[in-house]
Amino acid sequence: MSPIRRCLPGDRDPGESRPVWLLAFYAQAELDSLAQSACMSLGDYERAEFHAYRSLASLRPHMKRSRAITTSRLARAQLEQDAVEEATATAMSVSTEAAVQHPRVALMLREFGARLEAIAPGSAAAGTWSEYARATWGAAA
């Protein structure tokens with residue numbers, strides 16, 4: 001079995017032990033976030049969405065930037081699966097504080113807005129997003 005396949009849901013025994021060094025450095029939320037990023041890169045948006053939800057469910061409360069990044073990626077994964085309204089609502093749930101304070105989050109949301117306009121130009125969701133971005137950040141995201 002390839003190393004990539006081992007990280008996919010259902011391919012790993014949840015009771016299987018992980019190396020101590022891995023557990024000492026990464027919690028399950030971080031591992032799911034890494035898997036989400038890998039799946040996004042591979043264009044496997046359904047699995048990316050799966051890992052996003054798992055990551056968000058186990059992120060510690062103080063990890064606000066990680067939550068914003070994972071949520072931004074989740075919105076993009078939903079968008080790439082043509083769930084335009086759901087994706088827009090997800091993107092709008094990213095905290096304004098994170099979007100303003102963290103350039104990486106701001107970039108991800110701008111890219112979301114551009115992709116939304118490319119996938120669903122002139123749609124109600126695209127209009128909602130543009131209006132939200134202008135009202136929230138003073139510019140189209």
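Residue numbers start at 1 and run along the sequence shown.
- Considering CE of M108 and CD1 of I69, their distance stands at 6.0 Å, rounded to 0.5 Å.
- In this structure, S33 OG and H51 NE2 are separated by 10.5 Å, a value rounded to the nearest 0.5 Å.
- In this structure, Y45 and F50 have side chains that are not in contact, with every pair of non-hydrogen atoms separated by 4.5 Å or more.
- Across all non-hydrogen atoms, the minimal contact from V105 to A98 is CB-O, 3.8 Å.
- Hydrophobic clustering of Ile, Leu, Val, Met, Phe, Trp and Tyr side chains at less than 4.5 Å, counting indirect connections, keeps L74 apart from V94.
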K64 vs S95, side-chain contact (heavy atoms from CB on, under 4.5 Å): CA-CA, chis, key distance, verdict: CA-CA 8 Å; K64 294 176 182 177; S95 79; 5.8 Å; no
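- Taking both residues in full, the closest heavy atoms of Q36 and R73 are given as NE2-CB, 3.1 Å, listed atom of the first, atom of the second, then distance.
- When all heavy atoms are compared, the tightest approach of W129 to T88 is CB-CG2, 4.1 Å.
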Working for side-chain contact (heavy atoms from CB on, under 4.5 Å), residues D44 and E46: CA-CA 6 Å; D44 189 346; E46 186 177 342; 4.2 Å; yes
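- To the nearest 0.5 Å, atom CG of residue D32 and atom CZ of residue R54 are 4.0 Å apart.
- Hydrophobic clustering of Ile, Leu, Val, Met, Phe, Trp and Tyr side chains at less than 4.5 Å, counting indirect connections, keeps L107 apart from W137.
- Side chain of S123 to backbone of A120: a donor-acceptor contact under 3.5 angstrom is found.
- Under 3.5 Å, the side chains of S58 and Q28 contain no donor-acceptor pair of N or O atoms.
- Using a distance-only test at 3.5 Å, with no hydrogens or angles considered, a donor-acceptor pair links the side chain of S93 to the main chain of T90.
- How far CE of M63 is from OG of S55: 8.0 Å, rounded to the nearest 0.5 Å.
- Of all the heavy atoms in T96 and Y132, the pair that sits closest is OG1-OH, 4.1 Å.
- The two residues Q78 and A87 come nearest to each other via the heavy atoms OE1-CA, 3.4 Å.
- Salt-bridge check for R115 with E111: failed, with every basic side-chain N at 4.0 Å or more from each acidic carboxylate O.
- Here the side chain of T128 pairs a donor or acceptor atom with the backbone of A124 at under 3.5 angstrom.
- The distance from atom CZ of R76 to atom OG1 of T71, rounded to the nearest 0.5 Å, is 15.5 Å.
- The backbone N or O of S66 sits less than 3.5 Å from a side-chain atom of T70, completing a donor-acceptor pair.
- In the hydrophobic clustering of ILVMFWY residues, with side-chain heavy atoms under 4.5 Å counting as a link, L79 and M40 come out apart.
- Checked by atom type, the side-chain pair E49/Q81 shows a donor-acceptor distance below 3.5 Å.
- A salt bridge links E30 to R60: at least one charged side-chain nitrogen sits closer than 4.0 Å to a carboxylate oxygen.
- Pairing each heavy atom of L116 with each of A126, the nearest pair is CD2-CA, 3.7 Å.
- Residues L109 and I119 are members of one and the same hydrophobic cluster, defined by side-chain heavy-atom contacts under 4.5 angstrom among Ile, Leu, Val, Met, Phe, Trp and Tyr.
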